[in-house]
Amino acid sequence: MIRLDQVSYTYANSISPVIKNITLNVEAGEKLVVLGKNGSGKSTLARLMNASLVPDTGNLTVNGLNSRQAENRRIIRQQVSLLGAMPDHGFVSNLVEEDIAFGPENLGLPPSDIRKRVDTALNLVSMEDYATYPPYLLSGGQKQRIALAGMLAMQPAGMIIDESLDMLSRRGRSEMINLLVKISREQATTLVLITQSIEDIWWADRVAVLEQGEIKLLTTPRQLLLQLQLIEEMGLQLPEITRIIQSINQMAGTTIPADITELNTLVEILCPLL
Amino acid sequence: MPITLEQVSFSWQPEGVFQNQVLNNISFSLHEGEIAALLGPEGAGKTTLLQIMAGLLKPERGRVKLDGRTIKHPGGYDGQIGMLFQFPEQQIFELNIYNEIAFGPKNQGLTGKKLQTVVYQAMHSVNLKPEEFLERHTDNISSGEKRRVAIAGVLAMQPRYLLLDEPLVGLDYEAATAVIECLHNINQQHNIAMVIVAHKPDRLLPLFNRYLILKSGQLINDFSPQSALSTAQILQQADIDLPVSLDLIQHLAEAGGEWSEITTDPDEIYRQIAARIRNKKGEK
């Protein structure tokens, strides 16, 4: 669906490229995680993927439409929605439900359909009680839920989530990720989650690790977990459960497998050893 | 001398359509040197409480006192209480780092050598070497460095209290480590008391010597952590997501065994578990 062919990008006021010669094909319905530390080029990649930025060299196409052609960009942005980290940057209305309706209104849908989409989206993010609130009265986490609802109401074919769930609690974040994964499975939506945390990525088909604008590693989540040294060398934070396993193995000379992701499983292994 | 909140309540739009009580009858004192975690579910009122303590919002009912004096006007603390907002680097507006950090103390009336001294001290506190960073453009530094510049900007006002709203959010592992270290140093060297809001406090646990638990605008618990297990139990009762290390202790305790003596420092928890495994191996 989203195809990058030797894409490079340099910001106007900078010398070195932020994205260097990336070739990547994100299939329709694929669930991809893009992992990298601050400044690795993650957000730039996200903006290229929905034609908010256009490559300096190389080509980016969405369903065959090249983002180089200005007339394609609007269509690309309708097909691939991008959600950023700062919900306040995206609010356009004084009321939550109007804000969510803004996108569908611009699609020219009949009012009854818009109403339905707004209500459904609010339900999905568990914010139905806040339909008539002004966004500024909401907490950081609640604002991120509303921003997500705004994206869901557009029913895009591709969703890019760029660190957009970081203000949510651990539970809230994993609920929202489960929701996105479910939508992707049921409706064959393409999902790209951009993050610097290796938690909550087990559902992904592939993980692309970005370092200084290049894809250093393209692998599966479980394979990634087995390369602890590489993760640490790249300055990425291990999931806390992996860090527990690593410390205990080091200090107690045990060989608990590093790819355990559930605390219950770890407890079952630990109990007989204690 | 402490900051004291006496029966503080707050609503947005008390007479408007969206009237909703955000804080209800909150009382506590924050003393010098304390580092308190302010925890609570989404929308519990954490940020609003910080803003009231910082003097940015006026309580609807109740009082905020600093050293026994009631603060009458918003912002009337003269820099004694510093606040770090969510994503503070978004508010950086000067072109070079020196001017950015000097902005606050300049407005307090400092000039010349005195101004330079507080800016340098603030930079040292957050581990930004003046000779390397003073002249740098505020756009050409990493996001972790920007976060530390923002913290230095608050420290340069020489506050005795520091209120931090999600100081680690959005930072990668190394950048977060640097911020945690500087918070530790600031507290140790200058005895500055802090309240830290964090929805994922795992890496901050070793810093906290107090927990304030907010739920639906009420302070439902205020305690010093006795052990990892008791802290886990209180947080769980308050419906707060447990940090993984505390969750693990809770699980192990449920499965049997004595875990009540371990502190809330995650590394200490893992050391203890490893030690018990080694002991058991030794018995065999």
Find out whether [X] and [Y] are in side-chain contact, i.e. whether some heavy atom of one side chain is under 4.5 Å from a heavy atom of the other.
| X | Y | value |
| --- | --- | --- |
| A:Asp166 | B:Phe87 | no |
| A:Met167 | B:Glu42 | no |
| B:Lys280 | A:Leu273 | no |
| A:His89 | B:Gln90 | yes |
| A:Arg173 | B:His199 | no |
| B:Lys200 | A:Glu199 | yes |

Determine the minimum heavy-atom distance between [X] and [Y], stating which atoms define it.
| X | Y | result |
| --- | --- | --- |
| A:Leu236 | B:Tyr173 | C-CB, 4.1 Å |
| B:Gly170 | A:Asn38 | O-ND2, 3.0 Å |
| B:Asp241 | A:Gly172 | OD2-N, 4.4 Å |

Measure distances from [X] to the heavy atoms of chain A and classify the residue's part below 4.5 Å as side chain, backbone, both or neither.
| X | answer |
| --- | --- |
| B:Arg203 | side chain |
| B:Leu171 | both |
| B:Glu254 | neither |
| B:Val244 | both |

Sequence neighbours excluded, the answer for side chain to side chain donor-acceptor pair (under 3.5 Å) partners of B:Lys215 is none

Residues that A:Glu211 engages under side chain to side chain donor-acceptor pair (under 3.5 Å), provided they are two or more places apart: A:Lys216

To the nearest 0.5 Å, how far apart are CD1 in B:Ile240 and CZ in A:Arg170? 12.5 Å

Contact class of [X] relative to chain B, heavy atoms under 4.5 angstrom:
| X | value |
| --- | --- |
| A:Tyr136 | side chain |
| A:Leu168 | both |
| A:Thr254 | both |

Only pairs under 3.5 Å count here: list side-chain donor-acceptor contacts from residues 264-271 of chain A, not counting sequence neighbours, and write none if there are none.
from, atom 1, to, atom 2, distance (Å)
A:Asn264, OD1, B:His251, NE2, 3.0

Taking only heavy atoms into account, what residues of residues 229-239 of chain B are found under 4.5 Å from chain A? B:Asp239

Could A:Arg243 and B:Asp202 be called an ion pair, given the rule that one side-chain N must be under 4.0 Å from one carboxylate O? no

Any donor-acceptor pair under 3.5 Å linking the side chain of A:Gln237 with the backbone of B:Asp172? no

